[in-house]
> 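This is the structure I want to talk about, given as structure tokens.
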2 protein chains.
Amino acid sequence: MVVLELSEQDVNRLFRALADATRRDIVRRTLVTDISVSQLADSYEMSFAAVQKHIAVLEEAHLVTKAARGRERMVRGNLVRIHQAQRLLDHFEELWRSRIERLDSLLAEDAPAPPDT
Amino acid sequence: MVVLELSEQDVNRLFRALADATRRDIVRRTLVTDISVSQLADSYEMSFAAVQKHIAVLEEAHLVTKAARGRERMVRGNLVRIHQAQRLLDHFEELWRSRIERLDSLLAEDAPAPPDT
DNA sequence: GTAACATACAATCAAATGGTTGTATTAGAG
DNA sequence: CTCTAATACAACCATTTGATTGTATGTTAC
């Protein structure tokens with residue numbers, strides 16, 4: 001099992017990048033098919049430069065990559081990063097389980113000695 | 001299967017709340033066991049009020065809840081919201097699958113008519 | 001080669017964020 | 001009842017964010 005090699009900064013950037021509706025939409029669309037920067041820019045009610053900046057945020061979070069194709073830059077969603085985010089959330093669930101386990105052992109008061117101290 | 005009833009604003013708040021190391025730590029710890037605001041504040045290198053604000057952000061994102069116990073407010077992590085975040089990410093994965101499916105059907109050039117147009 | 005297109009990037013600005021200190025309120029301890 | 005601990009909240013400030021416009025650069029089409 002590979003440990004997530006993401007720094008706290010990386011995780012910050014990852015979740016922060018996902019905390020914007022336009023950016024989430026860009027990720028969704030570019031996961032389905034590659035789309036150029038200007039094609040993306042056309043679909044939102046904001047300036048070209050604004051969309052460019054959103055894409056830059058996604059790039060820094062490694063949620064998308066850009067590849068030159070002629071004079072265009074094709075944007076492609078990166079599912080790997082989504083998976084990493086999922087695994088981060090999985091970890092929260094595991095912590096919660098530990099609460100349940102401790103509650104269980106409390107309820108089993110009459111039990112012999114606990115597994116280890 | 002229940003549809004996620006989260007507005008874009010809700011999703012923004014959810015991911016944004018997760019985009020801070022201190023806040024993630026608070027969620028982790030309060031998933032394991034309830035902790036008072038002042039207990040939490042003691043463990044970080046920032047003012048009491050700063051920690052209070054982080055908790056407020058987590059509350060607005062419904063990642064934690066607060067319950068009065070005497071003069072203390074006990075903070076408790078809310079796993080449900082983590083699960084909702086996970087499901088949001090699951091959706092991204094599904095989109096990506098559609099890319100693969102379309103690629104597959106492209107490769108099957110000699111196939112009869114496509115399923116539907 | 002020149003015009004038009006696609007992108008990059010700097011400068012600027014308002015609003016939001018993350019932190020501070022200070023003051024007020026509430027509940028428990030003695 | 002009074003002191004103190006725990007919290008809430010307002011005011012303030014620096015930095016970051018999200019957007020703008022303007023300018024520069026590279027690429028394709030004609």
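This is a predicted model, so every value here is computed, not measured. Chain identifiers are assigned alphabetically (A, B, ...) following the order of the sequence lines, protein sequences preceding nucleic acid strands; residue numbering begins at 1 within each chain.
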> Establish, with yes or no, whether the OP1 or OP2 oxygen of dT7(D) is under 4.0 angstrom from a side-chain nitrogen or oxygen of S38(B).
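Yes.
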> Can you confirm whether the side chains of S43(A) and R29(A) place a donor and an acceptor under 3.5 Å from each other?
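Yes, R29(A) and S43(A) have a side-chain donor paired with an acceptor closer than 3.5 Å.
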> From C-beta outward on K53(B), which listed nucleotide comes closest to its side chain: dT21(D), dA6(D), dT20(C)?
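My answer, after comparing the listed nucleotides, is dT20(C).
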> Are R23(A) and dG18(D) close enough that a side-chain N or O sits under 4.0 Å from OP1 or OP2?
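Affirmative; the distance criterion is met.
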> Rounding to an integer number of Å, can you tell me how far F48(B) CZ sits from dA10(D) C1'?
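Distance check: F48(B) CZ to dA10(D) C1' gives 15 Å.
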> State whether D34(A) and R99(B) are salt-bridged, where the test is any N-O pair (Lys NZ or Arg NE/NH1/NH2 against Asp/Glu carboxylate O) under 4.0 Å.
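Here D34(A) pairs with R99(B) in a salt bridge, since their nearest N and O are under 4.0 Å apart.
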> How many Å lie between OH on Y44(B) and C1' on dG19(C), as a whole number?
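For the pair Y44(B) OH and dG19(C) C1', the rounded distance is 16 Å.
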> What is the separation between atom CE on M74(A) and atom P on dT7(C), rounded to the nearest whole Å?
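Result: 9 Å.
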> Could you tell me how far apart M46(B) (CE) and dG19(C) (P) are, to the nearest whole angstrom?
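Distance check: M46(B) CE to dG19(C) P gives 5 Å.
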> With nearest nucleotide decided by heavy atoms, which residue, E45(A) or Q39(B), maps closer to the 5′ end of DNA chain D?
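Checking each residue's closest nucleotide, the 5'-ward one belongs to Q39(B).
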> Tell me yes or no: between the side chains of Q84(A) and D10(A), is some donor less than 3.5 Å from an acceptor?
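Side-chain D/A pair, Q84(A) to D10(A): absent.
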> So what does S47(B) touch, heavy atoms closer than 4.0 Å: a base, only the sugar-phosphate, or nothing?
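Contact class for S47(B): base.
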> Any side-chain N or O of Q52(A) under 4.0 Å from OP1/OP2 of dT7(C)?
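Negative; the distance criterion is not met.
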> Verify salt bridge (charged side-chain N to carboxylate O under 4.0 Å, His left out) between D25(B) and R28(B), making sure each step is shown before the conclusion.
CA-CA 5 Å; D25(B) 194 59; R28(B) 279 187 216 106; 3.4 Å; yes
> Find the distance R69(A):CZ to dC5(C):C1' and express it as a whole number of Å.
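Atom-to-atom, R69(A) to dC5(C), this comes out as 15 Å.
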> Does OP1 or OP2 of dT7(D) have a side-chain N or O of K66(B) closer than 4.0 Å?
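So the side-chain polar atoms of K66(B) never come under 4.0 Å of the phosphate oxygens OP1 or OP2 of dT7(D).
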> Between dG18(C) atom C1' and D25(B) atom CG, what is the distance in whole Å?
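Value for this atom pair: 17 Å.
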> Apply side-chain contact (heavy atoms from CB on, under 4.5 Å) to the pair L14(B) and R81(B), showing each step before the final yes or no.
CA-CA 8 Å; L14(B) 175 50; R81(B) 210 60 166 189; 3.7 Å; yes
> How long is the line joining CZ of R71(B) and P of dC3(D), in whole Å?
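Rounded to whole Å, this separation is 15 Å.
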> How is A41(A) classified with respect to the nucleic acid when contacts are heavy atoms under 4.0 Å: base, sugar-phosphate, or nothing?
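No contact at all - A41(A) keeps every heavy atom at 4.0 Å or more from the nucleic acid.
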> The side chain of E72(A) lies closest to which of these nucleotides: dG18(D), dA6(C), dT20(D)?
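So the nucleotide nearest the side chain must be dA6(C).
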> Side-chain N or O of R73(A) versus OP1/OP2 of dA6(C): is the shortest distance under 4.0 Å?
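R73(A) to dA6(C) OP1/OP2: no side-chain N or O under 4.0 Å.
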> For the pair made of CZ in R13(A) and P in dT17(C), what is the distance, rounded to whole Å?
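Taking CZ of R13(A) and P of dT17(C), I get 19 Å after rounding.
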> For dT17(D) and H54(A) - does any side-chain N or O of the residue sit under 4.0 Å from the phosphate oxygens OP1/OP2?
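Negative; the distance criterion is not met.
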